[in-house]
Amino acid sequence: MKKMIAMMLAGTMALSLAACGSAAAPAPAADTAAEETAEAAAEDTTEAAEEDTEADINTVTDGVLTMATNAYFPPYEYYEGDAIVGIDAEIAAAVAEKLGLELKIEDMEFDSIITAVTAGKADMGLAGMTVTEERKQNVNFSDSYATGIQAVVVPEDSDIATVDDLTGKKIGVQLGTTGDIYCSGDYGEENVEKFNKGNDAIMALVTGKVDAVVIDNEPAKSYVAANEGLKILETEYAVEDYAACIAKENTALLDAVNAALAELKADGTLDQIVAKYISAE
Ligand code: GLN
């Protein structure tokens, strides 16, 4: 299993070495034009990378990739019966397969995911999570695998027509999300109602307890489809990058996940997974 990760990493390293030339190449290769020497140096690097990876990579449970998520975020993660399915669940399964690990998904409040990762309870968080500077102080993020949009959901007959009209309104958000962070900053904590689940915020909107909900665009679409009388404003609140979060000290896993994501992007798997859940408009 570790061998597979090592081989994949070595492959990626070789590619990036080839791509960036002398900057990343070991000194012996740069010193001589002899191809044989360069090849030998490349082999050394590969072997070194394999050894490093085997020594460094570790997961919370041996042989298992534990993913922390909040499974109320369709189409990225949601329940189908007892199973957690969705874009993130499938991407994680594909990454785990590439790393030779078994995937285990732990469902928790969104607000607990980063703590689970930093406390060593989960290997990575994959939860339609936006990369932010503040979160980066606590965790590392993988390369981004999707774009997210903070959207504004309102009743169809609302007088809120653009993001600017949110001033002075009661805004529902999901606790600890970027929607929460932006709205609390822009419109004041006193105007923001925080819910543990996105759906609870939507229910508060349906029953008139809040005037608008700021939430990621894809779940917004499924909430609007599931509840009559709601619409999404055309103006976007913010455009963001989704990525996996991983404990700062586990850089071997970060590298392995990035290598796996790059392969899944290159061979079209990522696009296929997204297309299965999000129809092109
Ligand atoms: N993208 C948002 C964030 O990272 C919301 C994610 C979520 O609710 N799962 O804060």
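Both counts, for ligands and for their atoms, begin at 1 and track the order of listing. In what follows, residues are counted from 1 in the order of the sequence shown.
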Atoms of ligand 1, numbered as shown, that sit under 4.0 Å from any heavy atom of [X]:
X: Thr178; value: 2 (C), 3 (C), 10 (O)
X: Asp216; value: 1 (N), 2 (C), 5 (C)
X: Gln174; value: 8 (O)
X: Thr177; value: 5 (C), 8 (O), 10 (O)

Under a 4.0 Å heavy-atom limit, does Tyr242 contact ligand 1 with its side chain, its backbone, both, or neither? side chain
Does at least one non-hydrogen atom of [X] fall below 4.0 angstrom from an atom of ligand 1?
X: Ala127; answer: yes
X: Asn70; answer: no
X: Arg135; answer: yes

Given the rule in the side chain to side chain contact (heavy atoms under 4.5 Å, CB included) test, do Val153 and Lys231 qualify, once you have shown the distances and angles that lead to the verdict? CA-CA 6 Å; Val153 185; Lys231 67 176 181 187; over 6 Å; no
Check the orientation of Tyr72 and Tyr79. Use parallel for under 30°, tilted for 30 to 60°, and perpendicular for over 60°. tilted
Any idea which protein heavy atom is nearest atom 6 (C) of ligand 1, and the distance to it? Gly128 O, 3.3 Å
Could you tell me the residue and atom name of the protein heavy atom closest to atom 7 (C) of ligand 1, and the distance to it rounded to 0.1 Å? Phe73 CE1, 3.2 Å
For the residue pair Asp216 / Tyr76, report whether a side-chain donor-acceptor contact shorter than 3.5 Å exists. no
With distance as the sole criterion, is a donor-acceptor pair present between the side chains of Asn70 and Gln174 under 3.5 Å? yes
Tell me whether Glu106 is salt-bridged to Lys121, with the criterion being a basic N under 4.0 Å from an acidic carboxylate O. no
Glu189 and Lys194: CA distance, side-chain angles, deciding distance, salt bridge (charged side-chain N to carboxylate O under 4.0 Å, His left out) verdict: CA-CA 9 Å; Glu189 294 275 354; Lys194 302 170 189 224; 2.9 Å; yes
Check Ala68 against Met108 and note the closest heavy-atom contact, atom names and distance. CB-CE, 3.6 Å
